[in-house]
Amino acid sequence: MSEELLSQSDWFALWLSVKLAGITVILLLIFATPLAWWLAFSRAKFKFLVEAMVALPLVLPPTVLGFYLLLLLGRNGPLAGLDWAFSFQGLVLASMIYSLPFVVQPIQSSLSQMPKAPLEAAATLGAGFWDRFFSVVLPLCKSGFITAVVLGFAHTLGEFGVVLMIGGNLGGETRVASIAIYEHVESLQWSQAHGLALVLLMMSFVLLLLVYAFNGRNRKVAL
């Protein structure tokens, strides 16, 4: 990409988007995996309520979610002491909530379809929980985890409404690539907007190509 199309602030916005997406996905894997496990195997009567809450960001307008997070973290909100409004930490929290279903649901689906016999055999042989998880569950469900990582990363990379509400548009602090594109369009800088948008488009397409190629190869091996 030519330096004429992307300024130093554009490159920083792009780097901030990648950093935000990477940290969000790592934290989501830590918190979403036990949640997906519970959703896959629990028979609790209120399970449908938790499933609805997890899926809510899929249908909720991003500005609505961002608005309530702003009330929560804002100057007079119950979590005002954290001072996360208009900060990178606030962006991470908002991104985790907004991208939660894109990470939980592929893992939950993969765990639900996992054959139980290898897990039971490992338990019979005395393997501990973490040993069974890393030696049996992860290899059997790797396509679900990879899909979750790619979808969570790509979805966070393109966020707009949520990050604008909770992070604002602070250059060098919270201005991610999607907001920088909007700012370029507002000021009729079409070439700069095109440069950033094209980079995001190519990154998202390559990520999806990788996950579809991986899952396609796994299906062939399984056959």
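- Relative to the six-membered ring of F88, K19 meets both conditions, a distance below 6.0 Å and an angle of at most 45° to the axis.
- The main-chain N or O of A21 is never found under 3.5 Å from a side-chain atom of T156 such that the two would form a donor-acceptor pair.
- In this structure, S110 and I107 have side chains that are not in contact, with every pair of non-hydrogen atoms separated by 4.5 Å or more.
- A heavy-atom distance below 4.5 Å is found between the side chains of K116 and F41.
- Atoms CH2 and CZ, on W15 and F12 in that order, are 9.0 Å from each other to the nearest 0.5 Å.
- Looking at every heavy atom in both residues, C141 comes nearest to M114 through SG-SD, 3.8 Å.
- Looking at F153 and T24, their side chains never come closer than 4.5 Å, going by heavy atoms from C-beta outward.
- When all heavy atoms of G195 and L6 are compared, the pair lying nearest together is C-CD2, 3.8 Å.
- The minimum heavy-atom distance linking V162 with P62 is given by the pair CG2-O, 3.3 Å.
- Each salt bridge (Lys or Arg N to Asp or Glu O under 4.0 Å) pair with one or both residues in residues 52-64, not counting sequence neighbours, would appear here, but there are none.
- Between G74 and A80, the closest heavy-atom pair is O-CB, 3.0 Å.
- Rounding to the nearest 0.5 Å gives a distance of 10.5 Å between CZ of F86 and CG of L91.
- Looking only at side-chain heavy atoms (C-beta outward), I97 and L69 come within less than 4.5 Å of each other.
- Side-chain contact annotation: E159 with S95, donor-acceptor N/O pair under 3.5 Å present.
- Taking the six-membered ring for Trp and thresholds of 30 and 60 degrees, H155 and F102 have nearly parallel ring planes, at less than 30 degrees apart.
- By the rule that hydrophobic residues join a cluster once side-chain heavy atoms approach within less than 4.5 Å of another member, L210 and F145 end up as members of separate clusters.
- Q189 and H184 share a side-chain donor-acceptor pair at under 3.5 Å.
- Within the model, atoms CG of L79 and CG of L72 stand 4.0 Å from one another, a figure rounded to the nearest 0.5 Å.
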Show your reasoning for whether side-chain contact (heavy atoms from CB on, under 4.5 Å) applies to L28 and L100.
CA-CA 7 Å; L28 272 179; L100 183 65; 3.7 Å; yes

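- Side-chain contact between L93 and I166 is absent, with no heavy atoms from C-beta onward closer than 4.5 Å.
- To the nearest 0.5 angstrom, L82 atom CG is 9.0 Å from S87 atom OG.
- The aromatic rings of F129 and W37 lie perpendicular to each other, with more than 60° between the two planes, well past the 30° mark.
- Residue pairs satisfying the side chain to side chain donor-acceptor pair (under 3.5 Å) criterion with at least one member in residues 49-58, sequence neighbours excluded, are listed as follows: E51-Q108.
- Counting only residues at least two apart or on different chains, the salt bridge (Lys or Arg N to Asp or Glu O under 4.0 Å) pairs with a member in residues 176-205 are R175-E183.
- The main-chain N or O of G128 is never found under 3.5 Å from a side-chain atom of D131 such that the two would form a donor-acceptor pair.
- Side-chain contact between Y98 and L60 is absent, with no heavy-atom pair separated by less than 4.5 Å.
- Rounding to the nearest 0.5 Å places NE2 of H194 at 9.5 Å from CG of L201.
- Between I181 and L200 there is a side-chain heavy-atom pair separated by less than 4.5 Å.
- Here the closest heavy-atom approach between residue V176 and residue S17 is recorded as CB-OG, 3.2 Å.
- With rounding to the nearest 0.5 Å, the separation of CG in L65 from CE in M165 is 9.5 Å.
- With hydrogens and angles left out, the side-chain atoms of Q113 and S109 include a donor and acceptor closer than 3.5 Å.
- Residues L170 and W84 share a single hydrophobic cluster, defined by chaining ILVMFWY side chains whose heavy atoms lie under 4.5 Å apart.
- Residues V50 and L35 have side chains in contact (heavy-atom distance under 4.5 Å, counting atoms from C-beta outward).
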